[in-house]
There are 2 protein chains.
Amino acid sequence: MDEFAALCGISRPTISKYFNDPNSVRPSTRGRIEAALKEYDYRPNIYAMNQNRRLTKNIGIVVPYLADPFFAEIARVIERRCIDAGFTPTLFSSHGEPGQEIEILDTLRLLRPAGVLLAPLGRASDRKHIEAFCRDVPTILFDSNIEGVGAAFVGSDNFSFVSQTVEYLSRTGSAPCFFEMRDPANPNANKRRHAYLEMMRRLNLEPHLIKIDGTGWGFEEIGRTGALKVLKQDLLPTDTVLCSNDRLAIGVLSACHELGIRVGREEGCTIRIASHDDHPYSRFTCPSLTTAAHDYEAVSDHAVETLFRLIEAGGRLETREETLFAARLIMRASA
Amino acid sequence: MDEFAALCGISRPTISKYFNDPNSVRPSTRGRIEAALKEYDYRPNIYAMNQNRRLTKNIGIVVPYLADPFFAEIARVIERRCIDAGFTPTLFSSHGEPGQEIEILDTLRLLRPAGVLLAPLGRASDRKHIEAFCRDVPTILFDSNIEGVGAAFVGSDNFSFVSQTVEYLSRTGSAPCFFEMRDPANPNANKRRHAYLEMMRRLNLEPHLIKIDGTGWGFEEIGRTGALKVLKQDLLPTDTVLCSNDRLAIGVLSACHELGIRVGREEGCTIRIASHDDHPYSRFTCPSLTTAAHDYEAVSDHAVETLFRLIEAGGRLETREETLFAARLIMRASA
DNA sequence: ATATATTTTTGACGCGCGTAAATAAAAGGC
DNA sequence: GCCTTTTATTTACGCGCGTCAAAAATATAT
């Protein structure tokens with residue numbers, strides 16, 4: 001920066017000022033700087049800038065598992081929003097490991113981020129550690145909530161998801177059973193089960209929970225194995241299956257195909273399958289998957305906007321906001 | 001660090017030395033530091049460390065499109081390897097945009113990475129810019145090659161992929177036509193087309209290329225739309241389709257299902273579909289997808305190991321190495 | 001105990017930048 | 001042209017650490 005300042009014949013502090021806000025210097029000065037900029041392609045070192053700045057332009061984005069296209073997609077949208085707003089996002093994935101999540105938060109502190117958008121692992125998360133982090137760094141939780149932690153939570157309204165699918169399925173055919181992992185790591189899964197039970201109660205229908213075994217993030221395989229077992233033993237209490245999430249449903253569809261069971265609402269189909277999330281691939285499954293869609297855009301936008309508000313407010317909001325977006329039922333071929 | 005040094009009653013340079021290599025200090029000193037470490041959970045600021053270090057422990061990982069599970073998966077494996085080797089990887093996605101790729105490389109310089117693992121966008125990449133980057137930063141290209149750029153390239157042998165699928169398909173049924181995008185962004189796609197043509201020549205079979213329109217990274221949708229058009233107009237020259245990659249194939253499968261065309265090698269199926277990549281979802285498609293698998297592990301491991309060698313060698317290798325790993329044919333239900 | 005080798009400490013400088021206060025220069029108004 | 005306001009410069013310090021050279025302390029060998 002010293003060299004560059006010399007090259008444009010302007011003092012370094014003025015250059016520094018320019019990079020913090022191009023409009024804070026006189027137009028003539030700005031012109032000279034920008035002319036020199038074209039010639040000598042200099043750019044300030046953002047990591048050195050962050051060392052002394054009162055407030056950096058860094059934003060941390062943390063997702064639990066990036067190899068899940070759902071998170072990959074939401075991360076992509078959020079990243080873009082941050083860049084467009086003049087921030088420098090850095091993306092981290094916990095890769096499903098609580099240890100990694102802790103490590104990431106510890107590293108993130110050193111970046112001195114203006115704010116963080118955190119989608120926690122869920123039940124596996126170290127609550128105390130995340131709490132401590134949120135006390136020091138302005139943080140918005142998204143996707144999965146941890147009660148009372150972070151300045152705000154932005155996510156989807158699980159009841160809205162399940163109520164729509166249950167209502168639709170039971171209106172157009174037999175009432176659904178609920179297909180889920182026995183021990184789901186994600187708190188949304190529990191909320192969805194409760195929503196299912198509540199909806200069935202309201203509709204005066206008998207609920208059936210099918211809990212399958214399996215751990216980790218390989219949901220498709222877990223769903224497939226679980227479905228094979230259930231289907232082979234003919235344990236399905238109804239011909240309509242509502243899966244907790246699309247990735248499980250993808251596995252169930254695969255199992256059905258393997259067993260020659262035709263899925264859908266067409267003539268000749270013996271089972272209907274629906275699910276939740278509107279996973280990027282759910283429109284390409286065979287048959288395409290009837291599901292309840294997240295309002296990706298709304299969740300991303302609102303999470304980012306809330307973070308910006310939080311940053312501008314100096315890192316504190318008056319009350320902890322919880323914003324939930326309703327789902328949109330997507331009727332496709334599977335149910 | 002000053003404070004922490006005072007707390008353990010040891011000088012700051014010694015602490016600094018400890019963090020660079022715990023074994024470089026006397027065991028008794030090390031013991032005292034580690035005891036204090038437990039008590040006062042201090043950790044050095046990696047971004048400040050990187051400012052003066054001769055060689056940082058940073059590694060940059062750049063992929064073209066993280067919402068593609070193929071890259072998400074490979075990034076996950078590579079990240080893990082780097083962490084295990086004591087490095088600090090930072091992951092970036094170009095999100096399919098050449099501008100982003102340039103931006104990422106420019107930002108990456110500032111991190112002063114010891115090395116970079118770069119999977120370029122391909123044809124859309126700004127070759128000059130990447131070349132300039134590689135001159136300054138030790139870089140290994142992976143997945144898609146840019147001739148002569150970077151210290152080495154690690155990828156898969158496209159001929160091995162296509163030769164195996166073509167051989168298998170033509171041996172077990174009618175010879176395949178080749179289904180691809182008209183204007184693929186990825187150089188591997190071109191290599192695969194050439195491999196297809198060459199294999200058909202060797203087997204003395206007539207080649208058929210089916211080129212479909214579409215741009216961007218939404219390959220499934222492109223494949224689906226293209227296949228719908230081709231199938232509806234009955235333009236398929238043979239009952240066996242070899243897709244350039246699995247994501248296109250997922251779209252083709254979806255189109256077939258939509259049109260009631262049964263896919264597979266079983267009785268009653270009218271079309272066979274095979275593909276390349278062994279995408280994480282290809283085992284869950286309906287029917288499951290016959291494909292040629294990347295040796296993910298080998299590519300990841302070798303890329304990382306080559307980078308470590310490059311770093312230890314001071315950033316230069318004697319000659320530019322190109323390592324290609326053979327594919328493994330995965331026979332599933334679709335062909 | 002002495003000499004030698006090893007480790008640690010001290011002190012000082014640098015990385016690339018932000019920031020604050022005092023001073024100097026330029027712009028605008030009359 | 002002079003005065004006031006705005007903007008730019010100078011100077012100096014700080015961030016959290018690496019690194020180097022010289023001096024001091026400690027360990028090892030004899």
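In what follows, chains carry the letters A, B, and so on, assigned in the order in which the sequence lines appear, proteins first and then strands, with residues in each chain numbered from 1.
Between F19(A) and Y42(A), the distance from one ring center to the other falls under 6.0 angstrom.
Computed from coordinates, the N20(A) CG to dG16(C) C1' distance equals 13 Å when rounded to whole Å. Distance N50(B) CG to dT19(D) P: 11 Å, rounded to the nearest Å. A straight line from CE of M49(A) to P of dC15(D) spans 18 Å, rounded to a whole angstrom. Rounded to whole Å, the distance from CZ on F4(A) to C1' on dG16(C) is 15 Å. Remark: C1' of dT9(C) and CD1 of I10(B) are 11 Å apart, rounded to the nearest angstrom. Going from atom CG of L111(A) over to atom P of dG16(D) covers 14 Å, rounded to whole Å. Between the CG atom of D2(B) and the P atom of dG16(D) there is a distance of 10 Å, given to the nearest Å. Atoms OH (Y47(A)) and P (dG18(C)) sit 15 Å apart, rounded to a whole Å.
Using a 4.0 Å cut-off, some side-chain N or O of T29(B) falls inside it from OP1 or OP2 of dT8(C). Checking the phosphate oxygens (OP1, OP2) of dT8(C), no side-chain nitrogen or oxygen of T14(B) falls inside 4.0 Å. For S16(A), no side-chain nitrogen or oxygen approaches OP1 or OP2 of dC17(C) to under 4.0 Å.
The aromatic rings of H294(B) and Y296(B) stand perpendicular to each other, their planes meeting at an angle above 60°, with 30° marking the opposite boundary. Taking the six-membered ring where the residue is Trp, W217(B) and Y65(B) present parallel rings, their angle staying beneath 30° rather than reaching 60°.
A residue-by-residue look at S24(A) and Y42(B) shows that S24(A) has its nearest nucleotide of DNA chain D further toward the 5' end. The residue among Q51(A) and S11(B) whose nearest nucleotide of DNA chain C lies closer to the 5′ end is S11(B).
Here P13(A) lies in heavy-atom contact (under 4.0 Å) with a base. No engagement by Y18(B) is indicated, since no non-hydrogen atom pair under 4.0 Å with the nucleic acid exists.
Contact of R112(A) with dG16(D) (side chain to base): no donor-acceptor pair of N or O atoms is detected under 3.5 Å. If you check distances only, the side chain of R12(B) never reaches the base of dG11(C) with a donor-acceptor pair under 3.5 Å.
Side-chain contact between D126(A) and P98(A) is absent, with no heavy atoms from C-beta onward closer than 4.5 Å.
When distances run from any side-chain atom of M1(B) to the nucleotides dG18(C), dT8(C), dC17(D), the shortest one goes to dC17(D). Distance from the side chain of R26(A) is smallest to dA8(D) among dG16(C), dT7(C), dA8(D).
Judged purely by atom type and a 3.5 angstrom limit, S125(A) uses its side chain to pair as donor or acceptor with the backbone of L121(A).
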